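Indexing begins at 1, ligand by ligand and atom by atom, following the structure's order. Just so we're clear, the structure is a prediction, and the values are computed from it rather than from any experiment.
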Amino acid sequence: MANVQIGDCCSLNPLELYEQVTAQGEKVRALKTEKAPKDEIDDAVKLLLSLKLSYKTSTGQEYKAGSPPTDFTPVSNGPGSTEDDDFVDPWTVQTSNAKGVDYDKLIVRFGSSKIDKDLINRIERVTGHKPHHFLRRGIFFSHRDMNQILDAYENKKPFYLYTGRGPSSEAMHVGHLIPFIFTKWLQEVFNVPLVIQLTDDEKYLWKDLTVEKAYQYAIENVKDIIACGFDVNKTFIFSDLHYLGQSPEFYKNIVKIQKHVTFNQVKGIFGFTDSDCIGKISFPAIQAAPSFSTSFPHIFNSKKDIQCLIPCAIDQDPYFRMTRDVAPRIGYPKPALLHSIFFPALQGAQTKMSASDPNSSIFLTDTPKQIKTKINKHAFSGGKDTVEEHRKYGGNCDVDVSYMYLTFFLEDDDKLEQIKQAYTSGALLTGELKKTLIETLQPMIATHQQRRKQITEEMVKEFMTPRKLAFDF
Ligand code: TRP
């Protein structure tokens, strides 16, 4: 790579800058190894520091070796994404809009389909169950091939569910429960097998964690997942670090996928660069493989044509676009998908939740008092500054985080509608809205904590043992 002079860098985009810093870092290391003259090394270090500074100014982030600026890489967001568009990939969700990401645009960009009234009605007709409020309220808003799954179900053809979690820390927050709450409902209404992947390998590769720690987080997260109420006779939960060594069939599928995806393809889909470790580059095959029934011979009796339905947050779609592309080439059906919107941080739908900031969400370990304080102190409000103004102009539910959380967790449609009207008109004040949320979350979390306490090591082991489930294939 050509030497850049200070000043040149400012016309570079963040990814180019990142590559310049990486290259300059390598140069400094080489000079030191060669024992080059001190002033030459000093000059190279100076340039490195100034490049790092430009990188920080341009991206707002510290340069970190091995972590390219994913927010800016021209990945899955495809052609037509402009500067003020939202950015969504498995590691970054970015929007400048307080209402959150524009999901209709995302459907167009990702090429998925909207979950419309017709599909929701069909789900109701086919299952005989009232659609879950996540469907009725557009929380699961996009899909791929859901009609195929319903056709299969009507024709008594089996399918199975697959979802997962990246165990990046011991603490899970309420947002992490969304896919599991919904998956549990799907499992109940369709009565199908479910596999849950814990990608402890992924978190080891992407985070500053030891493999032991990542596995330990996986086990702790499994307890929270089991506490959602899954049926042990119908559910298999596995950690990648463990199951890969137990299942040759799983590994065979991983290798088949790896043979059919090039480095260029994953660069295009995930924004990997030449300096990413090869573990990251090959990881997508590991998240793809559970979409194929032969990865679980004990459950599916080695049948290869059982279709898979994956409920997940929309940021996971890149993995499954890749999976759907590979599937027919290795003789498997394409998985179908149901996509959810993101769960907003307490500070607002345009900010990202982070497990390291305890105030950015409500954690499953929070006490009733912590829940109350966090909501009162940190939940971004769409209310007006003074009571007089609020009464006069009303609040804005579109940006109000307490209201958004109620759409996730308050099941009573009538009550939710009343709250919306009263808040919008100004009759209901922010403090009153927050009180309703506090009173909804406190018992919900307390119940979760009680259930989690009852999960024993034996139960974890049973869920995580490869075995036949209550279905004959
Ligand atoms: N990569 C996901 C995460 O970081 C975890 C995951 C693995 C997953 N397989 C999945 C999520 C299937 C949804 C569906 O959270």
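- Only the side chain of T199 comes within 4.0 Å of ligand 1, judged by heavy-atom distances.
- Remark: aromatic rings of F190 and F159 are close, center separation under 6.0 Å.
- With F236 as the aromatic partner, R467 does not meet the cation-pi criteria of under 6.0 angstrom to the ring centre and within 45 degrees of the ring axis.
- Using a 4.0 Å cut-off between heavy atoms, F320 contacts ligand 1 through its side chain alone, with no backbone atom that close.
- Per-residue contacts place I310 under 4.0 angstrom from the following atoms of ligand 1 (heavy atoms of the residue considered): 14 (C).
- Ring-centre distance between F238 and F463: not below the 6.0 Å cut-off.
- Using a 4.0 Å cut-off between heavy atoms, K203 contacts ligand 1 through its side chain alone, with no backbone atom that close.
- Taking only nitrogen or oxygen atoms, main chain and side chain alike, R165 does not reach within less than 3.5 Å of ligand 1.
- Here the two rings, on F283 and F270, have centers that are 6.0 Å apart or farther.
- Contact atoms of ligand 1 toward Q287: 1 (N), 2 (C), 6 (C), 7 (C), 8 (C), 9 (N), 10 (C) (distance under 4.0 Å to a heavy atom of the residue).
- For atom 3 (C) of ligand 1, the closest non-hydrogen atom of the protein is G166 N, 3.4 Å.
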Next item on the list: Please test H339 against I107 for side chain to side chain contact (heavy atoms under 4.5 Å, CB included), starting from the C-alpha separation and ending with a verdict.
Entry: CA-CA 10 Å; H339 298 124; I107 286 179; over 6 Å; no
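- Aromatic ring centres of F343 and Y405: separated by under 6.0 Å.
- The protein heavy atom nearest to atom 11 (C) of ligand 1 is G164 O, 3.4 Å.
- Close contacts of ligand 1 with C312, meaning ligand atoms under 4.0 Å from a residue heavy atom, involve 13 (C), 14 (C).
- Nearest protein heavy-atom contact of atom 2 (C) of ligand 1 is Q316 OE1, 3.2 Å.
- For Y160 and F471, the gap between ring centers reaches or exceeds 6.0 Å.
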